[in-house]
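Here the structure comes first, spelled out in structure tokens, and everything after it is commentary.
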Amino acid sequence: MLDSSSSSYMPIVLQSIVALGFVGLVLVLVPMLGPKSKGSTKTDNFECGIEAQGDARVKFSVKYFLTAILFVLFDVEVIFFYPYAVNFKSLGSPGFLAVVMFVAFFLIGFFYVLKKGALEWEK
Amino acid sequence: MDLILEKSILIIVIFSITLVIAMYSTYMERKVAAFLQDRIGPDRAGPFGILQPLADGGKMFFKEDFIPAKSERWLFILGPGIAMLTALMTSAVIPWGTSIEMFGRNISLQVADINIGILYVMGFLSIGVYGIMVGGWASNNKYSLMGAIRASSQMISYELAMGLSIIAIVMMNESLSLSVIAEKQDSWHWNVLYQPLGFLIFIVCAFAETNRAPFDLAECDSELIGGYHTEYSSMKLGFYLFAEYINMFISATMISTLYFGSYNFPGMHWVGDHLGHNWLAIIEVAVLFSKIIFFIFFFMWVRWTLPRFRYDQLMHLGWKVLIPLAIINMLITGGWMTYVWK
Amino acid sequence: MSEYLFYFLAFVSIFAALLVVTAKNPIHSVLFLIVTFFAIAGQYIILNAQFLAIVHIIVYAGAIMVLFLFVLMLLNLNKESEPVKSYLMKGIGVLAGCLLALVMVAALHKSTMSPALGNPNEDIGLVGNLGKVLFKEYVVPFEVSSLLFLSAMIGAVMLGKRDPKIEPVNEITN
């Protein structure tokens, strides 16, 4: 049956050791199997056959940053729902109303974000 | 000590099955694509092309593995490592069957029965984003970086809807453990009958998380060459592609376990009474794998049916459609169960 | 057995934390911080705070560090653009560090170890029990935290949205 102690995590440690061993082995051994040759154009970065100009580090639009921040906030909200969901039946109606209020505040924030157009992606 | 031996054998068996299924998914993908496009597909390597994955694997092993001069060496090697590691670790909490009685012991067919099963899978999904980001950044190539940022934005956006859609199932079963959720879907009481909207949201998010069509903008050839794996060759590229197939296998397994009854099938109690415990367990494993293979086929079927989404359509769907839908699903389930279904 | 595990995880977390501070490349710092988070999550599991461990991984290592990586990639840091600090600033930094070490040694010097509070309930870290306590006794802080999130969302949008009339668009957008 369900074991609530921390010893039930031991197989995960075993699996991680096996997985790390497999990944490490392949990443170290397989490059030794293939041929090796040197050449300057070969190790240049690929840019559809044109000479690469400048570094890859160009500035990106701030939209990606906004997406990441909103992801953090919504992720924490999702995490708050899990303890509620596990005790759903024993918390009954008052618990449900508490969660509805929580969701209402979040939806207010969500509508604000939508109206401000922070999630608009121009084509 | 006995327990460690038992778990180690189970882990190695599951690893081997995962790798074999991922390998043959590559073969299946080409055969299914051929079937849908009215042609034959690979049939030279062995009868019906069965040995094709071995030929592909051998080719990848023996190709030259070079690291571009301007890339950052350790991050370049770390990227595919992280992708493969997270893909392999997720299979630890999945119940593959009930249990088998052998040698006088009750061997459970689940590697780790922890009581936060679903969150463990969601956690490794979040870590999987790093494999792509580190790989794209380390290549020091404009196209790789653009592809990596787009792919990771896509993955984090759909993670939210995925987490939200599962909450309704947790509400119904009052437990986060996958073995409890699998057990409660007895006979034909599969969760898809009670949560059709949740199933729809989950399967769309699974498509987006594994970067499969129609959400495969991050690696489409026509727009970004190879996306975040442009600069990779030999086994590192092999790891990225393999990790994608393993993720697809794990997604199909999660869909089967959460919504389609895991290892249960109608009439299982009759079989259990007449054939005994061990035979029931073996048939349950076979039933689970047939559901998984059906969903893998479904993934491939959709790839050749729907055209690819544009990036802004993708983000619009993830944020503005799926998240509100998942929240509404959760509230309706909660309200129904609190006020109506006493 | 769990003692060895504790010492191993403690060593890993401190070592990785030191590497965070001393790494030259900021991306390496972020990756070492993720290793630190995994070690701390292991410590939580040893204490049977399972939900906290997995939430630590999902939110910290899975969401906040992704945000940090995005910011680092947006910032486009180069070796040439890093400002060089003068010797005066470095000297003041060393002095401040020594003063902090002095204060900490003085504070711990005269203190005694009080016995650790015994765990009232071994299972308090499990999701079920945590949920019951959160929604029965701490419902009001729960609602207040949602207001905090609302203010965070508004703040993020205020910081992130450019006014298109003031700043012309001249970067790679997609």
Side-chain angles (χ1 to χ4, degrees), chain A residues 2-4 8-12 14-16 18-20 22-24 26-27 30-31 33-37 42-48 52 55-58 60 64 67-68 70-71 74-75 78-79 81-82 85-89 92-93 96 99-100 103 106-107 110 114 119-123, chain B residues 4 7-8 11-12 15 61-66 68-70 77 81 84-85 88-89 92 111-115 119 139-143 145 149 153 156-157 160 163-164 167 170-171 174-177 179-180 225 230-231 234-235 310-312 315-316 319-320 323 327 330-331 334-335 337-338:
Chain A
L2 207 55
D3 183 12
S4 304
S8 52
Y9 283 80
M10 184 268 296
I12 296 186
L14 273 179
Q15 176 143 355
S16 61
V18 177
L20 271 170
F22 171 70
V23 170
V26 173
L27 281 179
V30 171
L33 285 175
K36 297 220 174 316
S37 65
K42 192 183 69 174
T43 48
D44 274 347
N45 284 339
F46 183 66
E47 203 158 319
C48 299
D55 217 352
R57 322 296 194 217
V58 283
F60 272 89
Y64 295 104
T67 309
L70 290 173
F71 166 63
F74 277 86
D75 210 16
V78 172
I79 289 298
F81 288 142
Y82 279 98
V86 176
N87 293 312
F88 177 63
K89 292 199 175 98
S93 186
F96 182 67
V99 164
V100 169
V103 170
F106 251 94
L107 286 180
F110 191 54
L114 284 182
L119 290 173
E120 291 300 321
W121 294 77
E122 306 103 29
K123 290 178 275 289
Chain B
I4 295 187
K7 293 294 182 192
S8 309
I11 289 176
I12 293 184
F15 259 36
F61 267 23
F62 291 111
K63 275 205 165 171
E64 178 177 357
D65 185 359
F66 65 87
K70 284 199 280 178
I77 301 180
M84 196 60 167
L85 202 66
L88 287 174
M89 286 299 294
V111 172
D113 189 5
I114 54 179
N115 67 343
L119 286 183
S139 305
N140 204 349
N141 179 341
K142 292 187 205 49
Y143 297 104
L145 191 57
I149 299 248
S153 297
I156 62 180
S157 308
L160 292 167
L164 279 172
I167 291 183
V170 177
M171 275 194 210
E174 296 246 308
S175 169
L176 288 171
S177 155
S179 62
V180 171
I225 308 144
T230 311
E231 295 284 348
S234 175
M235 214 46 205
R310 224 171 42 220
Y311 193 65
D312 61 308
M315 298 302 259
H316 170 88
W319 283 97
K320 298 185 198 169
I323 292 182
I327 293 185
M330 181 185 91
L331 291 177
M337 289 181 73
T338 312

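Order of the sequence lines sets the chain letters (A, B, ...), proteins ahead of strands, with each chain counted from 1. When reading the values below, keep in mind they use all heavy atoms of this one structure, side chains included, and skip hydrogens, waters and symmetry mates.
Looking at Leu114(A), the atoms closer than 4.5 Å to chain B (heavy atoms on both sides) all sit in the side chain, from C-beta outward. Heavy atoms of Phe110(A) lying under 4.5 Å from chain B belong exclusively to its side chain. Only the side chain of Val103(A) comes within contact range of chain B, judged by heavy atoms closer than 4.5 Å. Of the atoms belonging to Leu164(B), heavy atoms from both backbone and side chain fall under 4.5 Å from chain A. Interface remark: Ile156(B) contributes backbone and side-chain atoms alike to the contact with chain A (heavy atom separation under 4.5 Å). Using a 4.5 Å cut-off between heavy atoms, Leu119(B) contacts chain A through its side chain alone, with no backbone atom that close. For Leu70(A), the parts sitting under 4.5 Å from any heavy atom of chain B are the backbone and the side chain alike.
Val170(B) is listed as a side-chain neighbour of Val86(A), based on a closest heavy-atom distance under 4.5 Å. Looking at heavy atoms from C-beta onward, Asp312(B) lies out of side-chain contact with His316(B) at the 4.5 angstrom threshold. Looking at Val180(B) and Glu174(B), their side chains never come closer than 4.5 Å, going by heavy atoms from C-beta outward.
Not counting sequence neighbours, the partners of Thr67(A) by the side-chain contact (heavy atoms from CB on, under 4.5 Å) test are Trp121(A), Ser157(B), Met315(B), Trp319(B). With sequence neighbours left out, the salt bridge (Lys or Arg N to Asp or Glu O under 4.0 Å) criterion links Lys89(A) to no other residue.
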Audit row: Ser175(B), Ser177(B), side chain to side chain donor-acceptor pair (under 3.5 Å) steps and yes/no
CA-CA 6 Å; Ser175(B) 169; Ser177(B) 155; 4.6 Å; no
Derivation and outcome, side-chain contact (heavy atoms from CB on, under 4.5 Å), residues Leu160(B) and Asp75(A)
CA-CA 6 Å; Leu160(B) 292 167; Asp75(A) 210 16; 4.2 Å; yes
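Interface check for chain B: of the options Phe106(A), Tyr82(A), Phe22(A), Phe74(A), the most heavy-atom pairs under 4.5 Å are formed by Tyr82(A). Contact count versus chain A (heavy atoms, under 4.5 Å) is highest, among Lys7(B), Met84(B), Met89(B), for Met89(B).
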